[in-house]
A.B. asks: 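Please see the structure below; I have some questions.
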Amino acid sequence: MGSPAADEDLPQVLLIRNPPAFTIDGEEQFTSAKFRFLKAFESTLPPHDFLAARAQSVRAMLASGGAVVDASVLQFLPELRLIVTTTAGLNQLDLPECRRRGIRIANAGDVYSADVADCAVGLLIDVLRKISACNRYVKQGFWASKGDYPLGSKLRGKRIGIVGLGRIGYQVAKRLEAFGCSIAYNSRKAKPGVSYPFYQEVQELAAKSDALILCCGLTEQTRHMINKEVLAALGKDGVIVNIARGGVIDEKEMVRCLMEGEIAGAGLDVFENEPDAPKELMELDNVVMSPHCAVFTRESLLDVARLVVGNLEAFFSNEPLLSEYEDD
């Protein structure tokens, strides 16, 4: 980037925790000639002591999904004017407090949307067609000894309910339309210009769906939105796919429904207490799980690194942000 003395003159971008993207992508993907990182996680001081001593003049922060930024953190950052995240979801941020303090936010925008939509459709197909279960059956030698595996269910013609028709939800819908599925959705409000049927109540959408795909953010309003009543409305032939956040589902109730056959199956990329997935699900062939990796491909991680750097460079150059988050 330049000489150490020159680097010292660059504006600082605060990092409270080591972003997972640094480990996966390499920190060099996030470097720039226009800023340098101030790494609280490398200090021996407790985080709040570090912020009080070193971060009073910091104007920008890079916050990964695991770095909670709330009033207890922001009180030490009186000059903070921008938070950039490597995530599309913002449940790690206290949005009202950020807005009250005049802090702008730039998230991952649309970078991950296609990958997450692909994963959602893949999980649904896997559950319906029993792909992972069939794979285990063949590899364990059961095909020869026990005969054909029980039949799966076709995707074409299924009624798909999408909870959260944002960037990701819309891409899921377009993919499943191509498979011959009918689409309906629930969001905080009906989307202008969208022809899919809108259901204001998730329970009513579930009753009209063969599969529910969760694409919404996690907020106080959506936490445990998928509860006993919604799962009962989905019914014993229904499938649920979650690529949103684990807390959107009442996980204990979902586990009970799966164990007792009250819903037909689940495709899960996220869980309430990550990295711990419910042990009861481990032996169920009608449940397909992945380790919260729907957003991660080599290509998308490089794209998000470029977006993070672009947002920070734009901010320090007094130019428009590339992916500023605006409240709906």
Side-chain angles (χ1 to χ4, degrees), residues 20 65-66 68 87-89 91-92 115-137 139-140 142 149-150 152-153 160-164 168-169 172 186 202-203 205-206 209-296:
V68 174
T87 60
N91 55 289
Q92 75 273 28
D115 293 322
V116 178
D118 290 345
C119 185
V121 174
L123 286 169
L124 179 61
I125 293 173
D126 196 333
V127 174
L128 291 175
R129 295 300 306 272
K130 306 178 186 283
I131 294 171
S132 291
C134 287
N135 176 60
R136 287 190 295 273
Y137 191 76
K139 288 185 173 180
Q140 291 168 351
F142 294 151
Y149 194 76
S153 178
I160 308 296
I162 296 177
V163 180
I168 293 169
V172 170
N186 161 269
V202 176
Q203 186 172 339
L205 176 65
S209 300
D210 301 307
L212 276 186
I213 301 182
L214 309 183
C215 305
C216 58
L218 178 60
T219 66
E220 288 306 309
Q221 290 71 40
T222 62
R223 185 175 296 278
H224 285 193
M225 176 197 304
I226 308 304
N227 55 22
K228 180 179 181 179
E229 290 73 26
V230 173
L231 292 167
L234 183 60
K236 63 183 181 61
D237 296 321
V239 169
I240 193 156
V241 172
N242 192 4
I243 45 82
R245 289 291 187 270
V248 175
I249 300 179
D250 182 340
E251 194 167 84
K252 289 183 179 178
E253 187 60 31
M254 178 190 67
V255 168
R256 186 193 67 77
C257 288
L258 287 163
M259 297 289 291
E260 297 180 11
E262 293 184 14
I263 61 174
L268 307 170
D269 182 60
V270 289
F271 305 88
E272 279 207 79
N273 300 298
E274 296 175 358
D276 297 321
K279 293 180 174 59
E280 298 93 331
L281 302 182
M282 300 302 175
E283 301 301 321
L284 296 183
D285 280 342
N286 61 337
V287 178
V288 179
M289 297 182 283
S290 55
H292 200 153
C293 62
V295 301
F296 294 136

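On a predicted model such as this, the values are computed, not experimentally measured, just so you know.
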A.B. asks: I need the minimum non-hydrogen distance between V270 and A244, along with the two atoms involved.
C.D. replies: CG1-O, 3.7 Å

A.B. asks: Ignoring hydrogens and geometry, is there a side-chain-to-backbone donor-acceptor pair from E272 to E251 under 3.5 Å?
C.D. replies: yes

A.B. asks: Which atoms form the tightest heavy-atom contact between I162 and C215, and what is the distance?
C.D. replies: CG2-SG, 4.1 Å

A.B. asks: Ignoring hydrogens and angles, tell me if any N or O in the side chain of N227 forms a donor-acceptor pair with the backbone of V230 under 3.5 Å.
C.D. replies: yes

A.B. asks: Closest approach of G161 and L205, non-hydrogen atoms and distance?
C.D. replies: CA-CD1, 3.8 Å

A.B. asks: Indicate whether any N or O donor in one side chain lies under 3.5 Å from an N or O acceptor in the other, for D285 and Y149.
C.D. replies: yes

A.B. asks: Check for a donor-acceptor pair, side chain of T219 on one end and backbone N or O of T222 on the other, with a separation under 3.5 Å.
C.D. replies: yes

A.B. asks: Which residue pairs pass the salt bridge (Lys or Arg N to Asp or Glu O under 4.0 Å) test with at least one member in residues 236-245, sequence neighbours excluded?
C.D. replies: none

A.B. asks: Run I125 and I131 through side chain to side chain contact (heavy atoms under 4.5 Å, CB included) and show every step you take.
C.D. replies: CA-CA 8 Å; I125 293 173; I131 294 171; 3.9 Å; yes

A.B. asks: Does the side chain of D210 reach to within under 4.5 Å of the side chain of L234, using non-hydrogen atoms?
C.D. replies: no

A.B. asks: Can you name the one residue among L214, L123, D118 that meets side chain to side chain contact (heavy atoms under 4.5 Å, CB included) with I243?
C.D. replies: L123

A.B. asks: With sequence neighbours left out, which residue pairs that include part of residues 121-130 fulfil the side chain to side chain donor-acceptor pair (under 3.5 Å) condition?
C.D. replies: D126-S132

A.B. asks: Compare every heavy atom of H224 with every heavy atom of I249, then report the nearest pair and how far apart it is.
C.D. replies: O-CD2, 3.3 Å

A.B. asks: I would like to know whether M254 and L268 meet side chain to side chain contact (heavy atoms under 4.5 Å, CB included); could you show each step before the answer?
C.D. replies: CA-CA 11 Å; M254 178 190 67; L268 307 170; 3.6 Å; yes

A.B. asks: Report yes if the side chains of P278 and L281 come closer than 4.5 Å at any heavy-atom pair, otherwise no.
C.D. replies: yes

A.B. asks: Can you run down the side chain to side chain donor-acceptor pair (under 3.5 Å) pairs that involve residues 252-269, sequence neighbours left out, and say none if there aren't any?
C.D. replies: E253-R256, R256-E260, R256-E262, D269-S290

A.B. asks: Applying the side chain to side chain contact (heavy atoms under 4.5 Å, CB included) criterion to I263, which one of L231, N286, L212, V239 satisfies it?
C.D. replies: L231

A.B. asks: Distance check, rounded to the nearest 0.5 Å: C257 atom SG versus I226 atom CD1?
C.D. replies: 11.5 Å

A.B. asks: Do L218 and R223 come within less than 4.5 Å of each other through their side chains, counting heavy atoms only?
C.D. replies: yes

A.B. asks: What's the shortest heavy-atom distance between C216 and V248, and which atoms?
C.D. replies: SG-CG1, 3.9 Å

